[in-house]
Amino acid sequence: MLENSIFAILSLFLVIGSLGMISFKHTIFSAFSFLIAMLALAGLFALLENSFLFLAQIMVSVGAVVVLGLMVIISLGSIEKNIPHEPYKFYWIFISTLLVTPLALLIYKALISLHAHFEETREGYGELKSMGERLFSEWVLPFEAVSVLLLSAMVGAIVIARKEKYFKKENYFDNHNQQEDNK
Amino acid sequence: MEQILSAIIFIPFFTALLASLLRLSYSNLRTLSIVSSIIVFGLVLFLAIQYDPHGGMQFIRTVDWIKNYGISYHLGVDTLSLVLLLLVSLLMPLLYLYMWHEHRKGYWYNMLLLQSGITGAVLSLDLILFYLFWEMMLLPIFIMIGRYGNSNRQYNATKLLLMTMLGSMSMLFSILYLGYTHFEISGIWSYSIESLSLVIFSPFIAIWVASGFLLAFIIKIPLVGFHTWMAPAYGSSPTPAVVILSAIMAKLGVYGIWRFGFTFFEETLTRYTPHIITLALIGLIYYAIIAITQSSLRRMFAYASGSHLSLITLGLFFANIYSWGGSLYFIITHALASAGIFLMIGLIYKRAKTINIDSLGGIASQAPLFALFFTFFALSIAGVPGTGGFVAELLIIIGAFKYNILIGIATASTMLLAMLYTFWMLQRTLFGAVGVATQNFTDLSKKEIIMLLPLAILLLVTGIAPSLFIPFIEPWISITLESINQNIGGL
Amino acid sequence: MFAIIDQLYIILPMTIVLIGAFTLMILSQYKIFKLQQFNLVAVLFLTIALAIVLMQFGQIQKGYLFADIIGEIFIVDDFALLFDIMSITGVILTLLINTDYFQSRSYFNGEYFALLLFSLFGMILLAHAHELVTAFIGLEIASLSIYALVGYHKNNHVSSEAMMKYLVLGSMTGAFFILGTALIYGAVGSTTLTDIAIYLNEPSTSEAELVIIGATLIMITILFKIGAVPFHAWVIDVYEGSPFPITMFMASTFKIAIFAIALRLYLLDFLSLYTKWHFVLQTITILTLVGGSWLAITQTSIKRMLAGSSIVHGGYMLIAITSIGTGSQIAVPAIMFYLIAYFLSAVGAFGILSYISASGIKQLTYEDFKGFSERRPYLAIFMSIFMLSLAGFPSTIGFLGKFYIFTAGVESEQFLLVGLGIITAFISIYYYFKVIAMMYFYPNNEDQKPIRRTFSSALIVLMAILIIWGGIGTSLIPFIPSADALIDIAKDAINSIG
Amino acid sequence: MIPEQFFILSTLLFSIGLIGIVSRRNIFVVYLSIELMLSAVNLLLVTFSRLDQSMNGSVIALLLIAIIAAEASIFLAMIIQLYRSKRSLDSDKFSELTQKKGQQ
Amino acid sequence: MSTPAIIVVIISFALGAILALLMIPVLVWLERRGAGLIQDRLGPNRTNVGGFRLGGVVQSFADVIKLVLKEEYYPKHISKGRWLMMLAPVITFVSALLAFMVIPFADNITIAGESLRVQPLPVDYGILWFLAIGSIGVIGIFFGGWISHNKYSLLGASRAGSMMIGYELPLGLSVLSFVLTYNSIDFNTMVQWQSQTLFGFLPAWGMIVQPLAGTILIISLFAETNRAPFSVAEGESEIVAGFFTEFTAMKFAMFFMGEYVAMNTASAVIITMLFGGYQLPWVTTDTLLTNFNTFAWTLMVVLPIIVTLIIRWMRKNNRVRPTVTSDGGRAFETKVLSIAMITMTLIVEGILLYLTLIPSPLGSSIAVTLFQIATFVVKLMIFNLFFILVRWTLPRFRYDQVQHLGWYYLLPLSLFNIFVTAIVIVGVSL
Amino acid sequence: MSQRVKVVPRYGDTNKEKLYLPAIFKGMKITFKHLLDNVSDSNAVDTLEYPEEQPSDITSRYRGLHRLTHREDETIACVACFMCATACPSKCIFIEATEREDGQDEKMPKLFAIDTLECIFCGFCVEACPCDAIRMDTGIFSLTGNSREDFVLGKEQLLSYRGAFGEETSCARK
């Protein structure tokens, strides 16, 4: 009973958050809704007895992703006039809902064909230790690969976001070319 | 000896490669090209002497190329290919002579490559190899027209390219299907003609596959309805290109039908015969009538050439020994005659800077020798008795009468029409008042006479003494016809 | 299965690539190094890696790396090694051919090479992945690096815009991939391809809806990455917006890497799902061929035209993929061969374009090629060769590639597709020959520029020779493999999968 | 608490993410939508993991969280770069990459 | 869950709430008085309830009452999203509060054979919880800064954000080296590990075992709490008041109190991870339990002495100058407080006496737990004082200096430290 | 003067100084010492218990609240010349002039008001005054009121203040 009510609350937050995310005009309110959705999702992970994932979700999705996103919004100083003017937003949302619904129904239909049900968890399920054991035995290769992924993403992000000054003395002609390129 | 065919194909190619790597000047390039073409001609003559007219496919050379798909480098020569080979190798030195003062090097390279491509296509006995050379000979022509041609050349070159490529692509599809069917039947991949000729289709599929081939060749000939590229391309080509186009490449379409159509689809072609005969007859008359209305010399003879090629095709599809003999004979004589006439048109253009019939006139008074040659070639195109054309046309018309009397009458009308436009043209250009363009019309130089004389002599010989050539041709035709008749009991 | 030292030997190329990436990343902090030095370092690492992979190729029997610890996640077979070779070669060529281009644009720096190597690492991982999550991670490594590389020219709006389009759509389809993986995991309880294949081959699971939908979602991602038509919206813009080396890299190398996983999936797991997909795949193939041709034919910029035509080339490969399901034996080697063929031609074509635009100015349009044959006769010849190869003109490797593909199509009796393929090949003649026509048919109106003889031009020559050799190479000449050898290699590689 | 609820939820989330991508022009919202889609997959994975009683799904989810973070970094860098170039978050303003008229 | 478990959870939850919430006024007082005394002045000492000043703590309560009763005011230019303005401080406050909830106040108490955590949230992943929840706090700052539509607020928020992001990495990495050292992510296990001794005499406190990581941890926590010298986000000399420029009344108070809660949490984490938590050096829980009598007697001796000293100090200091006629009830307050203290001491003495004479395991363990809680509170206060001392000693860093320090020194150092730690740990385990 | 240049030694170059931590702890030692001293004996803190104790060190130079001075005959010394209002940097002096009937001078202020909430107590008005009519020698350092209006001091109020250090009347020469 308790579980069910917690689930109800969390899923409510999750759905409201995600709906809010796509319908708010202001970027920051979208981000806030996303934050709520992510927190609720973390809560659902906890409800599914994955305590470590619960924390990881908060740490990464909230503590890193949302924070960085907000950081970007704030440092961009998104003034009203820079926010896209979307008069037909809800119209589009309605249309795309019509488009997406069949796919969702298809996936859902396939999912319920599993006829699965929850059982009591085994000892150690969802805990850090069992997760670590799995992660560092069977999944060690993907894990290491993910570290490379993060590294490359970091390099990429730095490269993209860094401001570049092209005006170097030694290649004036270069510069000329770039200006041409920009046209 | 067994490399002789490869040598014939690749000597021009390697000449071009060598010249481009050495970055020769155009005069050296000219020398080299002429030497190579004369060597090739010598080799071909040697081949012709060695050739046994009764021997079927000879000088066969087979090397594996792509084993996985049974594609091989497979060459061979029989009478049909030898005839075309002889024509090409004969025409090339003459064309080089025509191009003597041509200092654009690309011109020479393209001619060399063109020769390789044509000889390769004529000699290859593997379908993929044939396709390779078939496409390869297109490229130099495309570039020659597009780069060195006359007005509107880019558009016309592209049109030529696209139309012929359309045919090629359909042919490719058919080749693939043929190869696959062979694989399915025998479990072995092969694309050589002998093994593929054993493939038997259901009639329905055979029609489609045959259509693929036919489309390519009909466009190349071109029969009426597929001819839209012809006149513009002939019109804007430079002279050597137009000579090759009309004298050789158009014949390659006929060659293709003869070689592949009558090897793989004897039966299917019987279904096509009425249609193609209709097309060719229409073409025969239509082209001739159009030719009358043309004001440009080159376009006129382009249509004339189309008309005669329709005649050749007709002869092919009448499929009796007279008509086939006539067709093959006409291939030779028409090639010689059209080469001559187009070269002379080129000379007219060089002198008068125009080939418009109306602005020419009085050449006979200005340059009598020129007029003589011109008249001769024009008349041999028209098939006046005494020239090779007459013999060939007569043979085909006999074949036509054997096939069907009405068609025979229709076919015979070509001679009349040809006479009509030729004489009218001659009257307007050679005689009459001297126009502005022809005021300083010089007569033929020695080099030009050397260039034209072999053609004229050969035409005369073929016209006066066809018996010199018929024995050379006849055995192959009778053998082939016989095998076809065995297969399907006559067309 | 392998001794530990062997296992280390097997992952050595991968490690070298990674170490190279790290080295370049660290070196990029020091401004004292010149771009050539970075280039040299990158090529050095890659050459070593390539040498090792070449030594391994054909010498290693199929097996799983560290199977006792990580299970069947990392597969080693000739198939994967062949893709390794192609990817590494692709990057080496990208680096070398574009040397001029790098030097004339000052926005390139050390990180560029690091990212390229990271991307290569992802591709190698993708080729070796025998498990969906690992494949996804490999795909993401490759893609994320490429996203950054696409937007590398930051002062250029177009570059940023291309990155935006690619990134948004790419991540979206990435989500599809992982959703598909999740669905398959839900049904099978594992994501290794072995387990999935076992699951699908059980008779009781003939109606595995989850796996079908999951596999379809994965297919969508793959189709997106190769730019099949309903998912093609990004291709042209992204190719145009990226710096030339990256366009070249995406068009040739990245596409190949995608096929590594696609083929592995289609050959191993999802083969039994084909009946369900056949119609869809056919439709997509038709759309791709038609749409790609339409896109290519309407462009005026050469880069955009090549981008559009790369969609068409994807369509040809889709013909073969469609044929796999209908029991064609030769389809897979055909794809492999076509990949090689397309790789060589695209590298050559883009290489020439980047070589030209290195000193040049703006987007290359057809107009810019007017009179090119007089300005640069040799380059014009090579450009013609590449165009001919792309158009599938005989005597080039492109023709053989198309020939194999169409043969495969005919073998599986997909006459509609083959017919369409041939028609699109015919259409492609138009836009490829347009370049040749522009080069040869028009007089030169521009100044003759001094010819730079650099490494790039040497490689362009090499590419051209390879293309011709791949098209007509025979076994007449000893010690040099003929055109046949390539398809033998492809067949060997395919056999190593099964 | 039955699995179907979780299935509904994750399907819903995924769909909402997709809708967001399709219908919104604000790049930032598009980015968040993609994150949402990936998170929906995460929920699905964890549910499967709980059903399976094996940690594999959770481990995949953990890896996916890391991937989400990696994508976030690239995305945010891109947003900064785009904003810098056009002073706007409107994806429709980035439409220079089209066939230029009159270039023929 | 058994009844004692529930009771322990409730009690420790209450304790956590008290320690976090009631500490706020105390900390505010401590800061003000501390600042005053450091600067040779007295600080607020006037507000009283019936003469009871308690050294001025009452002032803080009065402030809270004032802030609560104050009119809620929204700047006119904020038209939309006022609810966000309400929510922003709450996020900051609640996240700091929640992060505090995993600190163990005492060792596991054994009741009826069941080992129970004296921890508001009885979970075993304390440090992860702290990192996870602690990182949410900045979101409130972001929202607050953004919704103010004010460039100073935006500047403050972005400063806070970039600083937090910058220092989360060294924080996490230094925590990681501690996790490696303690081989656990559970705070209680960490504290237990620290009750060992090094070389037989040195308490194995984190700060002694890992001085570098400890320093980095402390510095990062300073930054994370936005305290001086890392208070660039408020930077009143440059950007008015940073992200809470436009905040008034209770909204402001929430931010304000959130900062103190965060500081309190940071102190708790520092002492738990670096300074032996609730343990006294050389004295483990087991020692206390086995030698309970000795411990009780020592306490019975020490306690009166301490109380005496406090009373004497109070007598001496809680008075006015001779120039002032009225002492405002200070003498009375002193008297009452002395009596209260003496009474409480007597009660404690009595209980201890009872426990020594009639030993009961439950009683002694409760007593030990209470003692540990007391130790914890004392350490907590000391570290809060340390925070205050640092604030009133060091000047504020410039913004670029903050970033420079974080990225160029702390991050590499913490990475290096992890490297060394890992090598040493592998070496030791080999 | 130019010879007496003092070269200030530069700090922060040695490694020890670059570490900063010793310096920080040194500083903290000082503050802690202050804290400890003051805690142990809070009466030693040198502060006033203000409402009860009043400051005893206000000198004649202290700028307190303004006042308007008188002449010897207890009439206003101001001649409404607007010098003070002109000199005032915060523009807090409001003067309205009127004709003076008693013959001592031609002009006098009808209205003279200082908004002390605006005033920054700079003393410029005192400097500017040509007839010593305004001074800041009342010694008043705190002004309280219940409304804003209470802080606007009128002519009467300003006249009612007396100087705290003698010099009752205007010293202007007549």
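In what follows, chains are A, B, ... by sequence order, proteins preceding strands, each numbered from 1.
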Given the options [options], which has more heavy-atom pairs under 4.5 Å with chain D than any of the others?
| options | answer |
| --- | --- |
| A/L105, A/I158, A/T97, A/I112 | A/T97 |
| A/T101, A/I95, A/V66, A/L135 | A/L135 |
| A/F90, A/Y91, A/F45, A/W92 | A/F45 |
| A/S130, A/A153, A/A56, A/G156 | A/A153 |

Side chains of [X] and [Y], heavy atoms from C-beta outward: is any pair under 4.5 Å?
| X | Y | answer |
| --- | --- | --- |
| D/N56 | A/W139 | yes |
| D/I67 | A/L150 | no |
| A/F24 | D/V29 | no |
| A/V72 | D/Y31 | no |
| A/K89 | D/S23 | no |
| A/M154 | D/S73 | no |

Given that the side chain runs from C-beta out, which part of [X] has a heavy atom under 4.5 Å from chain D: side chain, backbone, both or neither?
| X | result |
| --- | --- |
| A/A64 | neither |
| A/M38 | side chain |
| A/F143 | both |
| A/L103 | side chain |
| A/E138 | side chain |
| A/S23 | backbone |
| A/V100 | side chain |
| A/Y108 | both |
| A/L151 | neither |

Quick one: what part of [X] sits under 4.5 Å from any heavy atom of chain A, side chain, backbone, both or neither?
| X | value |
| --- | --- |
| D/F48 | side chain |
| D/A77 | both |
| D/L13 | side chain |

Verify side-chain hydrogen bond (donor to acceptor under 3.5 Å, both in side chains) between D/N26 and A/T27, making sure each step is shown before the conclusion.
CA-CA 8 Å; D/N26 191 328; A/T27 321; 3.2 Å; yes
In terms of heavy-atom pairs under 4.5 Å with chain A, which of [options] leads?
| options | answer |
| --- | --- |
| D/M78, D/E4, D/Q5, D/M55 | D/M55 |
| D/A69, D/A66, D/S39, D/A72 | D/S39 |
| D/I79, D/I2, D/I80, D/L43 | D/L43 |
| D/Q81, D/R25, D/Q53, D/E35 | D/Q53 |
| D/L44, D/N42, D/V22 | D/N42 |
| D/L32, D/I27, D/I16 | D/L32 |

Going from [atom1] on [X] to [atom2] on [Y], what distance comes out if it is rounded to the nearest 0.5 angstrom?
| X | Y | atom1 | atom2 | value |
| --- | --- | --- | --- | --- |
| A/L48 | D/L45 | CG | CG | 11.5 Å |
| D/S10 | A/L111 | OG | CG | 6.0 Å |
| D/I8 | A/I107 | CD1 | CD1 | 13.5 Å |
| A/L44 | D/T47 | CG | OG1 | 8.0 Å |
| D/S58 | A/N50 | OG | CG | 3.5 Å |
| D/I65 | A/M59 | CD1 | CE | 9.5 Å |

Is it true that a side-chain atom of A/R134 and a backbone atom of D/V59 form a donor plus acceptor pair closer than 3.5 Å?
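Side chain of A/R134 to backbone of D/V59: no pair is present.
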How close do [X] and [Y] get, counting heavy atoms only, and between which atoms?
| X | Y | value |
| --- | --- | --- |
| A/E49 | D/R50 | OE2-NH2, 3.3 Å |
| A/S96 | D/I19 | OG-CG2, 3.3 Å |
| A/A157 | D/I74 | N-CD1, 3.9 Å |

Would you please test A/L68 and D/F75 for side-chain contact (heavy atoms from CB on, under 4.5 Å) and show each step?
CA-CA 11 Å; A/L68 282 171; D/F75 250 109; over 6 Å; no
